[in-house]
Structures are given as structure tokens and as C-alpha cells.
Amino acid sequence: MERKEMSEAEVLTQIKDAISEGYDSYEDAYAAAVEGANAGIPDMMHFLAECYFYGIGTNISNREGSKWLKRAAEAGSYSAQFNLANMYIDGSYLQRNTQEAFRWLSMSVSGEDPAAEYELGICYENGIGCVKDLSQAALWFSKSAEQGYPEAQYELGQLYFNGQGVEKDQEKAVELYRQAALQGNDKAQSEMGYCLCTGEGIVQDYEEAVKWYEMSAQQGNAVAMYCLSTCYGSGYGVEQNMETAFNYSKQAADLGHVPSQHRVGVCYLAGNGCEENPEEGVRYLEMAAKAGSAPSQYSLGLCYESGIGVQKDVKEALKLFEKAADAGIPDAMAEAGFYSMQGQITPYDPEKAVRLFQKSARMGSAAGQYYMGLCYETGDGVEQDLNTALQFYLQAANQGHEQALERARDVQYVIDDNK
């Protein structure tokens with residue numbers, strides 16, 4: 001049975017009913033709030049602020065609501081201090097001010113509310129309104145986590161897993177993830193899957209990992225979907241199924257997960273788990289490339305270079321190769337170097353080309369090794385040396401580079417003839 005989505009009006013009514021619970025009507029709730037606020041009761045001042053924010057027994061007035069919320073916070077209402085801090089963080093009704101947000105949060109934690117303790121931990125973790133201090137973040141996450149707050153359990157788990165602000169303890173991290181995951185925290189569920197896949201902090205168990213990933217994915221967690229795609233694509237904990245793997249990647253990609261967008265683009269180009277569709281492949285690669293994915297920039301460059309799924313444009317291909325090369329993609333370095341050596345759409349620069357080929361080759365790129373072989377065979381950009389050329393060709397050939405294998409044979413013949 002499908003769950004009916006509530007309208008904004010229905011959501012507002014639900015909020016108003018919850019706030020005014022215990023009163024016969026909205027008007028009675030508002031009257032009680034006015035009386036208590038005028039009597040100087042801090043929590044009733046906060047109640048009156050909520051009446052104004054949500055229109056409970058009175059017209060909505062954000063100005064009056066903000067005024068009474070500040071009065072309540074100044075009078076010592078911990079809940080008002082917490083809500084006021086969030087308003088300063090969000091910039092809702094008040095101008096965004098992270099220093100003021102931090103100040104009010106620091107007061108609100110005296111009420112020992114786990115949500116306030118968690119938010120203060122977030123401030124210390126990210127340097128919001130304060131100097132970044134991971135040990136203080138761990139302290140406040142710990143206080144909140146001890147009260148069973150799942151978001152704090154997850155964040156504290158992250159700190160223990162990475163050894164930030166606390167001594168590294170991956171077993172403790174897993175236990176915190178589990179506590180949060182059992183309460184439905186999708187990030188913690190995804191982390192449980194990761195730990196079970198890698199065996200970090202817990203005994204490796206792919207099947208159990210898939211269960212946690214599935215729970216997280218059902219809540220819309222794109223990272224978990226991406227990991228499930230990996231599991232189905234490789235047969236980790238489940239029977240290998242490339243179509244299911246593709247579908248999980250596409251779900252995550254459509255949620256904006258950049259690595260999934262790259263994976264989907266590559267799948268469409270190769271027809272891996274889906275019907276081959278170069279145009280769709282290019283579309284997804286473009287999404288990822290615009291988001292800064294260097295592997296996508298390289299793959300998209302290959303598409304523009306060959307006219308696959310897009311009109312051929314070698315100038316655009318070179319731009320993409322150069323971006324990916326700057327980000328450290330070795331095959332992109334080799335491609336960018338090739339254009340510098342060729343000197344047709346960019347100035348001829350053999351020295352630059354050799355630098356790119358050398359770096360690419362050192363990083364294990366078969367293309368870079370092949371081009372270095374060509375340079376040493378012909379003497380372009382380096383002193384000619386057939387023995388060195390042969391070594392580079394063999395390195396590339398060992399990685400399956402067919403042209404390198406052919407050149408290695410030819411160079412070997414020349415070396416043998418010269419003996």
C-alpha cells in the first residue's frame with residue numbers, strides 16, 4: 001500500500017497539534033503562552049515564540065516569534081537557546097551569524113539535550129563559529145552518544161575510525177556505527193557495510209555487508225547504492241549480476257553521486273549491464289566531469305577525440321585531457337603529452353611531452369610507457385637509445401598494449417642486427 005505524501009498544510013497542522021498538545025484549542029494554547037510569557041517564565045516565552053512562528057491561535061509573525069525566542073534564550077530556556085542557535089546557523093528569520101550560533105549552543109548544552117550536544121560537536125568538528133577542535137568535538141559527540149543519539153554515535157564512530165581527536169580504535173568505531181545503524185541511521189548502516197567488506201574493525205563478511213548496504217540504500221543513501229553496485233558487479237556477498245549492479249549505480253547517479261555518474265557513463269559506453277547507448281554515456285560523464293571527476297574528464301576526452309556519443313572535437317578532447325592530467329590521471333598525462341609532441345592543435349613542445357610521458361610511465365600507464373618508448377626509439381625530446389626504448393615497450397606490452405608489443409619486436413630486430 002502506497003503511503004500518501006502530506007501537503008504543506010497537513011504538515012503544518014501536524015506541527016501545530018504537537019506543539020499545542022494538552023490544550024483544548026489553538027486559542028487556549030496561545031492564551032496560556034501569553035500569560036506565562038508575561039509572567040516571565042522562560043519556557044512559556046519559548047512557547048509563545050512557537051505560537052507566532054506557526055500561527056497557533058494567532059497570526060504568523062516571524063518578527064514577534066524571533067523577539068520572544070531571544071527573550072526566552074536570554075531568560076535561560078535551554079530549548080530556546082538551542083533553537084536560536086540553529087536560526088543563526090541557518091540564517092532563517094535572523095541574519096546568519098556562526099559566532100552567535102556557537103555562543104548560544106554553548107549555553108544550551110547545560111540542559112544536557114543530546115541534540116544540542118551533537119550540534120556543538122559539529123561546530124567544533126568543522127570550526128563553525130569557533131576554532132576547529134576535534135578533541136572537543138569528540139567530547140560533545142560522546143556526551144550525546146551516551147544518551148543514544150544516533151547522529152552523534154555515527155560522528156563519534158567516524159572520529160574513532162580515523163583516529164581524529166581520539167586514539168584510533170576501529171573496533172570501537174564499528175560498535176558505535178552498529179548502535180546508530182540499529183536506530184536507522186543510513187550513514188552508519190553504510191559504514192557497517194564498508195567495515196564488513198574490508199574487515200576493518202570487524203571480521204570480514206560480504207553477505208552481512210550487503211544486508212547493511214541494502215538497509216541504507218532503501219533510505220536513499222547514494223553511497224550505499226554505489227557500494228551495492230560494486231558488490232553485484234564483482235559478486236561480493238551476492239551472485240554476480242551486472243544488470244542489478246548497473247541499476248544501483250544509476251539510482252545513485254540520479255541522486256547526484258559523482259562516482260556513480262562516472263560508472264554509469266562508462267557502462268552505457270560499453271553496454272555493461274545495460275544496452276549500449278553512447279549518447280547517454282556522454283551525458284552522465286559530462287555530469288561527473290563538471291563536478292570535477294578527473295576519471296570522467298579523461299573518459300569524456302576519449303569520447304570527444306573519437307566522436308563517440310558526441311561530435312568529434314579534438315580541441316575539447318585536449319582540454320579535458322589537460323584537466324584530468326592536472327588532477328593526476330596518468331593516462332590523461334600520456335594523451336596530453338601526445339598532443340604536445342604532435343604540435344597540431346597546441347604548440348609543438350617535445351620537452352613538455354616527455355615530462356608528461358615520464359610521469360605517466362612512472363605511475364604505471366601503459367600509454368605513457370609506450371610513448372616513452374617512441375621517444376627513445378626516434379630521439380624526439382630525448383637522446384635516442386634503442387635499449388631504453390625496448391624496456392619501455394616491454395613494460396607497456398606486459399600490460400597488454402598491442403602496439404608496444406609490435407614496436408618491441410621491431411626494435412629487438414634492429415638491436416640484434418646491430419650486434
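Computed from heavy atoms alone, side chains included, the values below leave out hydrogens, waters and symmetry copies. Being a predicted model, the structure only gives us computed values, none of them experimental. Count residues from 1 along the sequence.
For Tyr124 and Phe102, the ring centers are positioned less than 6.0 Å apart. Taking the six-membered ring for Trp, Phe47 and Tyr23 have ring centres closer than 6.0 Å. Taking the six-membered ring where the residue is Trp, the centroids of Phe53 and Tyr93 are separated by under 6.0 Å. Centroid-to-centroid, the aromatic rings of Tyr232 and Phe246 stay 6.0 Å apart or farther.
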Residue pair Phe161, Glu200: steps toward the side chain to side chain contact (heavy atoms under 4.5 Å, CB included) verdict = CA-CA 9 Å; Phe161 190 87; Glu200 295 179 72; 3.5 Å; yes
Should Glu64 and Lys67 be marked as a salt bridge (charged side-chain N to carboxylate O under 4.0 Å, His left out) after you check the CA-CA gap, both sets of side-chain angles, and the distance that decides it?
-> CA-CA 5 Å; Glu64 284 295 303; Lys67 180 184 79 176; 3.1 Å; yes
Given side chain to side chain contact (heavy atoms under 4.5 Å, CB included), test Glu335 with Tyr298 step by step and report yes or no.
-> CA-CA 9 Å; Glu335 291 295 333; Tyr298 168 67; 3.9 Å; yes
Does the pair Tyr393 and Val411 meet the rule for a side chain to side chain contact (heavy atoms under 4.5 Å, CB included), with working shown?
-> CA-CA 9 Å; Tyr393 283 143; Val411 169; 3.7 Å; yes
Let me see the working for Gln164 and Glu125 under side chain to side chain contact (heavy atoms under 4.5 Å, CB included), right down to the final yes or no.
-> CA-CA 10 Å; Gln164 296 176 314; Glu125 185 178 38; 5.8 Å; no
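Screening Lys315, Gln344, Glu322, Glu305 for a side-chain hydrogen bond (donor to acceptor under 3.5 Å, both in side chains) with Tyr339, the sole residue that qualifies is Glu305.
Geometric assessment of Arg407 against the ring of Tyr370 yields a negative cation-pi assignment under the 6.0 Å and 45° thresholds.
In this structure a side-chain-to-backbone donor-acceptor pair under 3.5 Å is missing from Ser190 to Asp186. Counting only distance, with no hydrogens or angles, the side chain of Ser66 and the backbone of Asn62 share a donor-acceptor pair below 3.5 Å. The main-chain N or O of Gly233 is found under 3.5 Å from a side-chain atom of Gln240 such that the two form a donor-acceptor pair. With hydrogens and angles ignored, the 3.5 Å screen pairs a side-chain donor or acceptor of Ser365 with a backbone N or O of Ala367.
Heavy-atom contacts from other residues, nucleotides or ligands closer than 6.0 Å to CD of Glu112 number 12 or fewer. No more than 12 heavy atoms of other residues, nucleotides or ligands sit less than 6.0 Å from atom CD of Gln14. Other residues, nucleotides and ligands place no more than 12 heavy atoms under 6.0 Å from the NZ atom of Lys172.
Comment: Lys211 does not engage Glu214 in a salt bridge, judged by the lack of any side-chain N to carboxylate O separation of less than 4.0 angstrom. Ion pairing between Glu286 and Arg283 fails under the 4.0 Å rule for side-chain N and carboxylate O.
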